[in-house]
Visitor: 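Okay, handing you the structure first.
Both backbone and side-chain heavy atoms feed into the values below; hydrogens, waters and symmetry mates do not. Within every chain, numbering begins at 1; the chains are lettered A, B, ... in the order of the sequence lines, protein sequences first and strands thereafter.
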Amino acid sequence: MRNKLTSLSEAIARVPDNAVVALGGNTLHRSPTAAVHELIRQRKRGLNLVKTAGAYDVDILCGAGVASAVSAGFVGYENVFGMAPLYRRAVEQGLVRACEHTCYSVIAGLRAATQGVPFMPVNAFSLSDVPLAQGYKQVADPYSGAEVFAVPAIQPEVAIVHVHEADAEGNARIYGTLFEDVLMVTAAKHVILTAEHIVDGSTFAAQPELTTIAGFMVTHVVHAPRGAHPCSCHGLYDMDMGYLGDFYAQAQTADSFEAFLREHVLDAAYHEMAQDVEREADTLEWSEAALGDVSHRAR
Amino acid sequence: MRNKLTSLSEAIARVPDNAVVALGGNTLHRSPTAAVHELIRQRKRGLNLVKTAGAYDVDILCGAGVASAVSAGFVGYENVFGMAPLYRRAVEQGLVRACEHTCYSVIAGLRAATQGVPFMPVNAFSLSDVPLAQGYKQVADPYSGAEVFAVPAIQPEVAIVHVHEADAEGNARIYGTLFEDVLMVTAAKHVILTAEHIVDGSTFAAQPELTTIAGFMVTHVVHAPRGAHPCSCHGLYDMDMGYLGDFYAQAQTADSFEAFLREHVLDAAYHEMAQDVEREADTLEWSEAALGDVSHRAR
Amino acid sequence: MEAVLFSPDILMPIVMARLLRNGETVFHGVASPLPMVAILLAKALRAPDLIYLNITGSTDPTPAALPRSTVDPALFAGTRSRVTLADLFDLSARGKLDTAFLSGVQIDRAGNINMSLIPGPDGDPHHPKVRLPGGAGSAAIMPTAKRTLLWRTKHDPRVFVERVAFRTTGGNVDRVVTPLCVFRRVAGLLQVETIHPGVTPAQLQAATGWPLSVSASTPRTPEPSEAELAALDAVDPQRARLIEF
Amino acid sequence: MEAVLFSPDILMPIVMARLLRNGETVFHGVASPLPMVAILLAKALRAPDLIYLNITGSTDPTPAALPRSTVDPALFAGTRSRVTLADLFDLSARGKLDTAFLSGVQIDRAGNINMSLIPGPDGDPHHPKVRLPGGAGSAAIMPTAKRTLLWRTKHDPRVFVERVAFRTTGGNVDRVVTPLCVFRRVAGLLQVETIHPGVTPAQLQAATGWPLSVSASTPRTPEPSEAELAALDAVDPQRARLIEF
């Protein structure tokens with residue numbers, strides 16, 4: 001079994017500019033934030049972000065000039081804060097192209113890539129202006145002649161997914177909601193996992209049914225305690241409302257956003273952050289109620 | 001939460017003649033045999049069986065005159081015995097239509113039904129006589145013009161799946177290999193689960209990640225201890241080689257098969273069998289090594 | 001005989017809950033605190049077998065406290081199974097989702113919604129005047145769910161427009177619940193079904209961007225019962241729903 | 001200098017194992033005892049990072065005893081994750097499966113296989129003279145896997161035919177391992193790469209349904225080494241593989 005453990009900076013160094021990059025999680029939950037911050041620190045450019053519903057991750061990558069396109073069904077902070085200011089400004093200024101999807105067509109595109117076909121028929125969009133705006137075409141069922149929308153395959157160059165537990169080979173467990181993460185793993189050419197806990201994979205053999213990401217599909221494994229912060233991570237931590245509130249306030253203007261970025265991302269290398277939060281993580285009690293009867297806990 | 005528990009005979013009574021029926025499991029493993037036998041006892045006719053790889057189940061339903069078509073990638077006993085004698089005779093005599101698939105096109109057809117689209121593009125069959133023989137057509141990707149095979153949706157009227165544990169609502173767990181069972185559940189109009197153990201579903205809440213069949217997708221739940229016998233059921237029992245050997249020998253001629261059918265199926269009502277095997281099941285030790293650290297065991 | 005006024009944060013979830021039926025599958029997506037409360041309320045009041053589905057992949061969750069985000073892990077608590085969002089979209093696509101709650105930044109007379117953008121002068125959707133969050137799942141769910149219930153906590157002529165500036169989706173809209181009234185879609189157009197207590201026909205017309213058929217004889221939305229009010233307090237004691245107002 | 005004869009149940013899995021590479025993904029399907037043994041043998045000998053995939057959805061299982069059926073729960077033991085058969089087909093379809101083991105009731109000169117049927121007089125595939133089991137996953141895997149290794153334990157002119165009676169599938173065939181020889185596919189046609197110890201060119205030609213280029217100078221299949229024989233005994237002490245012979 002191959003040891004795929006690497007540092008966050010080495011893993012993210014493999015992400016090429018102008019790549020299609022899928023981000024796991026959904027809105028403010030289990031986003032791969034540590035990796036997102038590292039993408040900013042490494043000054044990546046031209047990324048086409050793929051996500052069903054993004055929030056902090058998509059927003060800050062648009063604000064930092066890393067993204068040039070966003071393929072998503074939704075970008076916003078729900079009722080927690082409202083619209084995504086950085087994404088919105090970048091699109092309105094023509095700096096970022098909004099490739100509008102419905103969440104289901106993002107899924108359909110990832111399914112097509114997973115299944116090695118050029119498109120996926122999808123029962124959606126039948127009463128929508130989105131296909132015309134985005135150039136989605138219809139295809140006729142060769143049996144009945146019925147027309148159905150075809151979503152082109154979305155093959156991410158890299159999928160970045162934050163998980164609860166991974167072993168060195170990349171076998172991984174996600175507790176609670178899966179979101180589209182497993183589908184992103186199968187669709188992508190390369191897969192970077194960031195994990196709250198690195199575990200001895202032999203312990204997974206007692207309940208292999210819980211391990212929904214198979215190691216052979218994974219390229220890099222990074223130990224990233226609290227790697228979803230300020231987003232929630234099921235059973236471990238909730239959204240950090242203080243951090244998010246500061247961010248959202250500072251994101252309203254370019255100057256204050258620059259200051260935020262400098263303080264919280266550019267001048268805060270993750271390896272230092274990580275050491276701090278790792279110590280913190282050591283003292284974390286896993287929430288038994290939320291995680292259920294998890295047999296094998298790391299560390 | 002609705003209580004969907006019913007007797008095997010009541011559940012199977014809902015299967016109409018001439019229906020498309022998907023059978024869970026694969027070859028000689030976790031087939032829904034108790035339900036298969038009940039289909040024979042209720043003298044169903046004209047069923048189109050859907051399965052990636054069938055063995056005893058497909059074979060005996062062909063021999064008993066229940067099936068008139070089989071949509072499968074493979075029907076046989078692997079190296080355990082060899083070809084499926086009843087299926088083979090029925091097809092060669094024109095009594096059963098072999099709708100040949102590759103296992104992957106069965107999956108593609110079930111995916112199309114699950115996703116509410118009329119067909120599924122599939123990267124398969126590119127160098128095969130099967131499409132011409134079966135009338136599978138190609139479709140052009142509307143973006144690149146590339147041709148890809150289209151598999152028509154396979155929507156089973158009923159899917160019958162044998163599981164390890166189910167609650168009264170139909171939430172269910174399968175340990176070990178899933179085969180295509182979850183996909184059959186999502187594709188089918190109606191779902192009959194037969195379960196080794198009926199459990200209090202509230203116990204599932206401690207590890208919901210293990211419950212891969214959601215109750216709201218299920219129509220009927222039947223308590224069927226040893227319901228896969230003579231096939232294996234992961235962690236509980238192995239193939240019954242004695243029974244299967246007798247069957248395979250008697251299946252070689254019409255007369256001896258009739259005798260087998262009478263003795264083991266027609267004259268052996270499951271409610272009686274069930275009481276016997278239920279007592280036996282009570283004394284079964286679940287195999288911990290195979291099942292892993294299963295937190296919640298029935299009974 | 002003007003009724004006691006009920007604030008929309010009380011009246012709306014109660015009215016939304018009344019629209020739900022026992023045994024049906026009901027889904028809400030992102031940014032849906034009122035549907036979350038309404039579904040839990042309906043289950044508590046008289047639809048115990050209603051099947052509550054949401055983006056977390058839980059079924060019939062029993063949250064300890066209601067979250068700000070309707071994708072929050074709190075909505076996974078108590079579930080007995082785990083499905084994915086893709087499974088729920090599939091459910092709708094194959095015609096097995098009974099009811100979906102959706103909303104729109106703009107909602108028009110035909111029940112179409114706009115969650116996508118306000119076009120700029122050149123009309124190019126890639127150069128919008130205002131980029132909105134996007135429709136999330138609505139362009140998939142709304143045309144395929146057996147029925148859609150829309151809600152919006154703001155009722156003014158900028159929201160309720162004659163025609164949306166961009167149609168994120170149309171679909172099987174049944175009712176629209178607002179702070180002022182309940183619309184029902186009849187023959188493809190939204191008609192006022194009931195006016196909420198304390199709202200005059202003139203107020204309603206002034207708040208709506210198309211001509212309404214309303215008069216003093218338009219039926220009134222039935223007032224919340226004691227049982228409904230008590231159940232609402234029990235389901236949402238912290239008033240998580242206020243985040244929408 | 002005729003070599004010691006090795007029975008095919010010893011030679012074949014060893015030869016098959018030699019074809020495997022460290023780090024690659026390798027899949028076998030139903031009815032595949034020899035591939036099961038060959039993969040475990042390769043992992044034991046010199047390809048520890050080979051990734052062993054099979055229908056049970058396990059990765060790198062550690063079976064306590066080798067089963068008769070290659071779909072048996074025994075092949076799920078020791079896995080750290082669970083995928084589905086659909087996941088494995090997808091893996092091949094998107095070009096990420098390195099090697100697949102497949103077989104055929106008939107195998108022809110171009111490397112096509114027939115697992116489907118022997119046609120009857122009218123040629124209608126729905127009225128076959130002989131209905132065979134079907135190709136299982138082969139019509140999906142063989143055209144999409146990076147390479148396919150075929151094996152068959154019977155080598156006679158009814159199996160190795162000039163042209164299959166029905167083409168279940170063709171594909172990216174690399175090698176074919178039989179009890180008599182190893183074929184390699186070159187320029188679209190199977191050529192004898194090595195003849196097994198103790199087999200004469202005349203015997204091989206007589207057993208094969210098309211004209212071969214074989215002579216006394218055709219390379220011999222290298223004999224099993226002590227290490228290979230010992231590893232085979234360790235991997236399959238009960239000789240589960242004999243079920244194929």
Side-chain angles (χ1 to χ4, degrees), chain A residues 1-4 109-120 153-157 159 163 165-174 178 182-191 193 198-219 221 295-296, chain D residues 20-27 39-40 42-44 47-64 73-100 137 139-146 171-172:
Chain A
M1 256 162 245
R2 286 186 174 163
N3 184 338
K4 300 169 186 170
L110 294 169
R111 281 174 164 169
T114 293
Q115 297 171 30
V117 291
F119 72 92
M120 182 61 42
I154 300 172
Q155 182 170 43
E157 182 69 26
V163 303
E165 300 173 329
D167 71 10
E169 191 191 10
N171 296 295
R173 292 181 174 180
I174 293 169
L178 286 172
V182 177
L183 186 57
M184 288 173 173
V185 166
T186 57
K189 290 187 199 166
H190 304 282
V191 175
L193 297 186
I198 303 298
V199 303
D200 174 355
S202 65
T203 63
F204 282 174
Q207 274 190 305
E209 295 87 350
L210 287 175
T211 313
T212 50
I213 295 177
F216 69 88
M217 297 185 184
V218 172
T219 325
V221 180
S295 309
H296 306 286
Chain D
L20 301 177
R21 301 159 185 160
N22 199 21
E24 68 176 352
T25 47
V26 184
F27 170 80
I39 292 168
L40 292 168
K43 282 185 77 80
D49 295 336
L50 179 159
I51 293 153
Y52 172 19
L53 305 172
N54 63 81
I55 289 185
T56 69
S58 68
T59 301
D60 295 331
T62 51
L75 289 182
F76 195 80
T79 185
R80 297 172 177 195
S81 65
R82 173 168 76 173
V83 299
T84 64
L85 178 55
D87 290 321
L88 299 175
F89 282 121
D90 289 344
L91 185 77
S92 187
R94 66 180 180 266
K96 283 195 167 182
L97 178 61
D98 293 314
T99 296
I141 298 282
M142 199 153 138
T144 57
K146 289 184 193 164
N172 303 320

Visitor: Could you state the interatomic distance from CD (E169(A)) to OG (S81(D)), rounded to the nearest 0.5 Å?
Guide: 8.0 Å
Visitor: If you compare all heavy atoms of V83(D) against all heavy atoms of A214(A), which two are closest, and at what distance to 0.1 Å?
Guide: CG1-CB, 3.7 Å
Visitor: Identify which part of A172(A) has an atom lying under 4.5 Å from any heavy atom of chain D, answering side chain, backbone, both or neither.
Guide: neither
Visitor: Give a yes or no answer on whether the side chain of K96(D) reaches the backbone of T186(A) with a donor-acceptor pair at less than 3.5 Å.
Guide: no
Visitor: If you round to the nearest 0.5 Å, how far is CG of N171(A) from OG1 of T79(D)?
Guide: 7.0 Å
Visitor: Side chains of D60(D) and F216(A): closer than 4.5 Å at any heavy-atom pair?
Guide: no
Visitor: Between atom CG of D167(A) and atom CZ of R80(D), what is the distance when rounded to the nearest 0.5 Å?
Guide: 5.5 Å
Visitor: From D87(D) CG over to Q115(A) CD, what is the distance, rounded to the nearest 0.5 angstrom?
Guide: 10.0 Å
Visitor: Please classify the contact of T59(D) with chain A as side chain, backbone, both or neither, using a heavy-atom distance under 4.5 Å.
Guide: side chain
Visitor: I want to check something: taking the side chain as every heavy atom from C-beta on, are T114(A) and R94(D) in contact at a cut-off of under 4.5 Å?
Guide: yes
Visitor: Would you give the length of the straight line joining atom CE of M217(A) to atom OG1 of T25(D), rounded to the nearest 0.5 angstrom?
Guide: 10.0 Å
Visitor: Is chain A contacted by the side chain of L50(D), its backbone, both, or neither, given a heavy-atom distance below 4.5 Å?
Guide: neither
Visitor: Does some side-chain heavy atom of F76(D) sit less than 4.5 Å from a side-chain heavy atom of P208(A)?
Guide: yes
Visitor: Where do G78(D) and A205(A) come nearest, in terms of heavy atoms and distance?
Guide: O-CB, 3.9 Å
